[in-house]
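What follows is one structure encoded as structure tokens, with my remarks underneath.
Residue numbering restarts at 1 for every chain, and letters A, B, ... go by the order of the sequence lines.
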2 protein chains.
Amino acid sequence: MTDTATDLPAATPGSKSEQAYQAVKARIVEGTYTPGYRLVLGSIAKDLGVSVVPVREAIRRLEAEGLVTFERNVGATVAGIDPTEYLYTMQTLSIVEGAATALSAPLIDPAAIARARAVNQEMRECLDHFDPVRFTRLNQDFHSVLFEHCPNPHILDLVHRGWNRLASLRSSTFRFVPGRARDSVEEHENLLKLIETGADAEQIEKAARLHRSATLDAYLAQANNP
Amino acid sequence: MTDTATDLPAATPGSKSEQAYQAVKARIVEGTYTPGYRLVLGSIAKDLGVSVVPVREAIRRLEAEGLVTFERNVGATVAGIDPTEYLYTMQTLSIVEGAATALSAPLIDPAAIARARAVNQEMRECLDHFDPVRFTRLNQDFHSVLFEHCPNPHILDLVHRGWNRLASLRSSTFRFVPGRARDSVEEHENLLKLIETGADAEQIEKAARLHRSATLDAYLAQANNP
DNA sequence: AGGTACGAAATCGTATACGATCACTATCAC
DNA sequence: GTGATAGTGATCGTATACGATTTCGTACCT
């Protein structure tokens, strides 16, 4: 449940190309390669014990997902933390998560609700211990539970891409606003209640969007008042 | 305005890889390669006068966009017209177009409205001459005008991807429901009125979504009653 | 006759090699 | 001393080559 992997074109497991893709992606998502890190084909190829061709392919795939930027005849670097990009990503995520939640809502059974609630409780505890990394992962777990039976895999894929994009800049703390995080937990609870009571799709979508866009607003407010 | 090209990672123009990407994509979008067509690396490479490596890269990119499917050690084929896929794509498009419209609305000036109206008028004429291909292209033009100043390029990119995906199966006529197309034109006009009068974002988004999801519904209804 | 097993052709996946392009530095002219 | 310029090293982009895998046709067996 913790894996944020998953992509539509699951691309031939076992191939060197796939291996390189997973390896580099993992290093980016877990923060070994931080934004701005220069990805040199030859070095990575040597590291992984493969030739440069599959590595190149992996890098281009990561580029398509927005995790790295690529410049002709210069090379690839881990995608940056440009605030504008952050805004774009969060805004898009707000929309696709909202849609995914609304579409999934009718298919969420009480057992799943209970599991989601348990995850949310863990998040609450994280707040006391101030553990942003774990908090972020649990936040994804929470939504993963809701999206388990999402009827539209395309939308789900867009959600995952957004998560990966954000993960690449998780290491920098600028995203984490403690006060905001506390609200987040409450919004989760409200969302669960709406789903339980079978609220209409429109209402659920609105609530799910708010949850993400409020985080964005909090960040923007913080960015403007240093 | 007619070009539906544009992708986020604009990828080094002039490279053989980019050249191959554009060429194959064009053949798919314009219907030279129809769904199910087998894309053989060697053949394409010979056609384009390049080696297989850049062609392979191009194909993988197209795979990431959903235009082709790829199977390990077997090869690539132009993505099919599976009704389920169609549903997924239209549903997703409904959502991202809705968002793009709502975000763009406040930035659309009267001149742009006028241009959009002119395009819509052309579409009306297309209905009389029964020209589905032109109609579809004009439909994209119409929305392109609205999205000219879309403040979120990520969302705009998702819209373009959806369009490309649909274009790959345009040649098959199963999508075109004449009665539905007529409604479409009216909905365009309504949408323009909402934008002109400065309706709130929620209302505009709803109208923009309806426009796409109603087309989907019409298709589904037709598919169920043969 | 039908089905299975084998073999050849086609195609893919990756390694290696080499030319092209770019960044960086040291040198030279002014 | 400062600017431009040529040289050098590093890295990318692509071609070619070859082993691996699949597919398809054919022959053989039941």
To the nearest Å, how far apart are [X] [atom1] and [N] [atom2]?
X	N	atom1	atom2	value
Ile59(B)	dG13(C)	CD1	P	11 Å
Lys46(A)	dA15(C)	NZ	C1'	16 Å
Arg56(B)	dT16(D)	CZ	P	18 Å
Glu57(B)	dT14(C)	CD	C1'	15 Å
Arg38(A)	dT11(D)	CZ	C1'	7 Å
Glu71(A)	dT21(C)	CD	C1'	12 Å

Closest listed nucleotide, where the reference is the side chain of [X] and the choices are [options]:
X	options	result
Val74(B)	dT14(D), dT23(D), dT14(C)	dT23(D)
Pro54(B)	dG13(C), dA15(D), dC12(D)	dA15(D)
Leu41(A)	dA23(C), dT14(D), dC12(D)	dC12(D)
Asn73(A)	dC12(D), dA15(C), dT22(D)	dC12(D)

Salt bridge Glu122(B)-Arg137(B), side-chain N to carboxylate O under 4.0 Å =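 No.
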Assess whether side chain to side chain donor-acceptor pair (under 3.5 Å) is satisfied between Gln91(B) and Tyr86(B), documenting all intermediate values.
-> CA-CA 8 Å; Gln91(B) 204 172 46; Tyr86(B) 179 67; over 6 Å; no
How close do Ala76(A) and Ile59(A) get, heavy atom to heavy atom, and via which atoms?
->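 What the structure gives for the nearest pair is CB-CG2, 3.6 Å.
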Where each residue is assigned the nucleotide of DNA chain D containing its nearest heavy atom, which of Gly75(A) and Val50(B) is assigned the position nearer the 5′ end?
->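 This one resolves to Gly75(A).
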Geometric cation-pi criterion Arg60(A) and Phe70(A), 6.0 Å radius, 45° cone =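 The answer is yes, since Arg60(A) meets both limits relative to Phe70(A).
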Select from Lys16(A) and Ser43(B) the residue whose nearest nucleotide in DNA chain C is closer to the 5' end of that strand.
->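 Closest to the 5' end, via its nearest nucleotide, is Ser43(B).
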Sugar-phosphate only, base, or nothing, as touched by Leu39(A) at under 4.0 Å among non-hydrogen atoms =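 Sugar-phosphate contact only - Leu39(A) comes under 4.0 Å of backbone atoms but never of a base.
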Scan Val53(B) against the nucleic acid and name what it touches under 4.0 Å (heavy atoms): base, sugar-phosphate only, or nothing.
->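 Base contact - Val53(B) has a heavy atom under 4.0 Å of at least one base atom.
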Do His188(A) and Asn139(A) get their side chains close enough for a donor-acceptor pair, meaning under 3.5 Å?
->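 There is such a pair (donor and acceptor under 3.5 Å, judged by atom type) between the side chains of His188(A) and Asn139(A).
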According to a strict under-4.0 Å criterion, is Ser51(B) in side-chain N/O contact with OP1 or OP2 of dA15(D)?
->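 Indeed, a polar side-chain atom of Ser51(B) lies that close.
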